[in-house]
Amino acid sequence: MTAARPDRCLVGRAPDGGWALVDLDAAGSRLGESACTTAELPAVMARREAEDGPRWVLSDTRTVYPRLLAAGVRLARAHDLRLVHTILRGSTVVTDPAALRAAQLWEVLPVAIPEHSATPAAGATLFELEPGGRAGAAVPEETGEMLAETARQQRAIETSAEPSRLRMLTAAESAGALVACELQAAGIPWDVAEHDRILAADLGPRPRPGQVPAAMAEVGAEVRAALGEPLLSLDSPPRLLRGLRRAGIDVASTSRWELEGIEHPAIAPLLRYKKLSRLLTANGWTWMEEWVHDGRYRPVYVPAGVVTGRWASSGGGALQIPRQLRPALRADAGWRLVGADVSQLEPRVLAAMSGDRAMAEAGAGRDLYAGIVDAGIVATRQEAKIAVLGALYGGTTGDSGRLVPRLRSTFPAAMSLVDEAAATGERGGTVTTWLGRSSPAPEEAWRRAQAAANSVDAAPGEQERSRREARDRGRFTRNFVVQGTAAEWALAWIAGIRRRLAALPEVPAAESAVPSGPVFARRAHLAFFLHDEVIVHAPAAQAEQAAAAIREAAAEAGRLLFPRSPVDFPLDLQITERAASK
DNA sequence: GTTCCCCGCGCG
DNA sequence: AAAGCGCGCGGGGAAC
């Protein structure tokens, strides 16, 4: 008699400290169970992955998967109980979230874990840590608890108002958790010599510790001379502000946008000084030594680190690598970078989710902003961009406030979707993305302040303040639905990319040691992901196939989220050896 | 001495 | 020319 093929396999801690693998069928019934030691786990999971490729149910992908990757084991599909719990417990399309919220052990916050690649030893010990022994939020790893949560989640999804959307969202979220671990394991190929050249070109040669780079010292002296303050500190905003005022420069802050319009000989060198200082402190030689090892920058990616579902990162500011430093991203010898970003992802997502035909038409097969100009709504591409961003973010002043109303008559469906989201937020309500991720409820203090300001004896100042807070929240919920749905599109995109790349054949191994690790050294793999942009590191012979995978996955993401929608998601894609600076 | 917040600026 | 959303990080300096 043959056992039914398992649909899912849950991996949890056994009472003896080893691991238990529990097979489940599609309905969630238990088919069987096996056990192994920690040392055996990678080989056991690799065999099961090859034999029947189950969806792996993990309490928290980041605690298990890095060690598997280090052992050369890649998983195709997962269900991350921690991430999915966070989505379902807050989702308005879940009919009864009470059971999930009552599961106290799973009420964890998606916080960044402090371990990162600057302390390589930390990653190697993750497996051995006891539940709760890790910094940050801990989730249950014991199979009984995991089985109970799996059943709660399955029930919440299947009884929800949108089971198919939630199935898609939870699968995409879990695929993202796998990608996040893989990105860290593979690392971003980083050319420290080029990085050093970029730094030296602007700052001058690397100074001795404690010394200021020559170029900064030079422009700093110009600023002090122009202000007549030979000892002024330029690194302290309060001191700098006082110095500027003593020189008759009347500004409220020392920020760049305020200084830029001012006619004074100190301003140009000061702006230059700020630029250089930023480069040095954020991504200078210290950063390079701390974060780049063996030709790889390995940040920690934090899926759903942002409430909208966007990723955050921890360590080295991976999502804020300045464009100026992009040329330091360089493929290994014989490899290529395949970089792609989606043109105007957020407005296209808005057009698709609102079903706005005119907006879809404006972007069909071309630059969306150019389409808005061609439609005669605004005069220039720049105005179109300001208008659209104002619509997404809730702009009310300046050019934004002037241009947004023009969109309202041309794109009524799109505009009423975001306007309605804003109105819901102002009332204290919750908004939900296309696939079912909901915004957090307002703080109790916010609610009380709104109620108090509406009472008859409220002070005028109090009313004004609460109105402003309501509008602030409205701008947040306005943007939440679009940013969050764009994040869902992007998750579907990278999940499709990783699936296609994993199907490519391996290339002959390079002779030299390969810093990407055993899973990624012989095949194209994702190396970078930033909201609407990916970089794939590919053997030269696979670069075209990787490009096709990226394009196909974008088309697939559009079909999956918005079947029958006319909205397209064009990519700007390039195959290079070195990333472009802009 | 350590912790926390603000400022300013990088990214989408 | 900035603005309206979401972030992370380094430095300064106040608070502890």
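Sequence lines set the chain letters: A, B, ... in the order given, protein chains first and strands last, and positions in each chain run from 1.
- From the 5' end on, the contacts that DNA chain B makes with chain A at under 4.0 Å to a non-hydrogen atom open and close at dC7(B) to dG12(B).
- Residue-level contact check: T396(A) touches neither bases nor backbone, having no heavy atom under 4.0 Å from any strand.
- One interatomic measurement links the two molecules: CH2 of W287(A) to P of dG10(C), which rounds to 11 Å at whole-angstrom precision.
- The closest donor-acceptor contact from the side chain of H195(A) to the backbone of N283(A) lies under 3.5 Å.
- With rounding to whole Å, F476(A) atom CZ is found 9 Å from dG6(C) atom C1'.
- Note on S277(A): nothing from the nucleic acid sits closer than 4.0 angstrom, heavy atoms only.
- Formation of a donor-acceptor pair under 3.5 Å by the D80(A) side chain with backbone atoms of T61(A) is found in this model.
- Nearest-nucleotide assignment on DNA chain C puts the 5′-proximal partner with G395(A), out of G395(A) and L319(A).
- Nucleotide dG4(C) is shown with a syn base, its glycosidic torsion being within 90° of 0.
- With rounding to the nearest 0.5 Å, the separation of CG in L227(A) from CD1 in I249(A) is 5.5 Å.
- As judged by a 4.0 angstrom heavy-atom cut-off over every strand, R310(A) is placed among the base-contacting residues.
- In this structure, E346(A) pairs ionically with R310(A), as a charged nitrogen and a carboxylate oxygen lie closer than 4.0 Å.
- The distance between the ring centers of F529(A) and W493(A) does not fall below 6.0 angstrom.
- Whole-Å rounding puts the L280(A) CG to dG10(C) P distance at 12 Å.
- Residue contacts for I321(A): at a heavy-atom cut-off of 4.0 Å it reaches the sugar-phosphate backbone alone, with no base atom in range.
- Look at CH2 on W311(A): it is 17 Å from P on dC7(C), rounded to the nearest Å.
- No donor-acceptor pair under 3.5 Å is formed between the side chain of R437(A) and the backbone N or O of I87(A).
- More than 12 heavy atoms of other residues, nucleotides or ligands shown are found within 6.0 angstrom of CD on E444(A).
- Ring pair F562(A)/W489(A): centre-to-centre distance not below 6.0 Å.
- For the strand DNA chain C, secondary-structure stems (runs of at least three Watson-Crick or G-U pairs, all distances below 3.5 Å) span B:1-12 with C:5-16.
- Shown for residues 234-250 of chain A: residues whose heavy atoms fall under 4.0 angstrom of DNA chain B, namely P237(A).
- Residues from residues 406-416 of chain A placing a heavy atom under 4.0 Å of any atom in DNA chain C do not occur.
- Atom CG of D572(A) sits about 10.5 Å away from atom CG of D367(A), to the nearest 0.5 Å.
- With a 6.0 Å radius and a threshold of 12 heavy atoms from other residues, nucleotides or ligands, D250(A) has its CG atom at or below the threshold.
- Looking at heavy-atom distances under 4.0 Å, L530(A) makes contact with sugar-phosphate atoms alone, never a base.
- Taking a 4.0 Å limit (strictly below) on heavy-atom distances, residues 432-440 of chain A does not reach DNA chain B anywhere.
- Interatomic distance, OG1 of T396(A) versus CZ of R471(A), reported as 8.0 Å (0.5 Å rounding).
- Between N479(A) atom CG and dG6(C) atom C1' the separation is 7 Å, expressed in whole Å.
- Of all nucleotides listed (dG4(C), dG8(C), dG6(C)), dG4(C) comes nearest to the side chain of T397(A).
- Looking at heavy-atom distances under 4.0 Å, G398(A) makes no contact with the nucleic acid at all.
- Note: CD (E258(A)) to C1' (dA3(C)) measures 15 Å, nearest angstrom.
- In this structure, the side chain of T485(A) does not engage the main chain of T433(A) through any donor-acceptor pair within 3.5 Å.
- Within 4.0 Å of A312(A), counting heavy atoms only, lie sugar-phosphate atoms of the nucleic acid but no base atom.
- Nucleic acid contact for E346(A): none, since no nucleic acid atom lies under 4.0 Å from a heavy atom of the residue.
- Nucleotide dA3(C) holds its P atom 15 Å from the CG atom of D472(A), rounded to whole Å.
- When only modelled atom types and interatomic distance are considered, T432(A) and T92(A) share a side-chain donor-acceptor pair under 3.5 Å.
- Among the protein residues, R256(A) comes within range of the sugar-phosphate backbone only, with heavy atoms under 4.0 Å from sugar or phosphate atoms but none that close to a base.
- As judged by a 4.0 angstrom heavy-atom cut-off over every strand, G261(A) is placed among residues making no nucleic acid contact.
- The structure places NZ of K274(A) at 6.5 Å from CG of L240(A), a figure rounded to the nearest 0.5 Å.
- As rounded to whole Å, 11 Å separates atom P of dA2(C) from atom CG of L259(A).
- Partners of E556(A) under the side-chain contact (heavy atoms from CB on, under 4.5 Å) rule, at least two apart in sequence or in another chain, are R499(A), R500(A), R559(A), L560(A).
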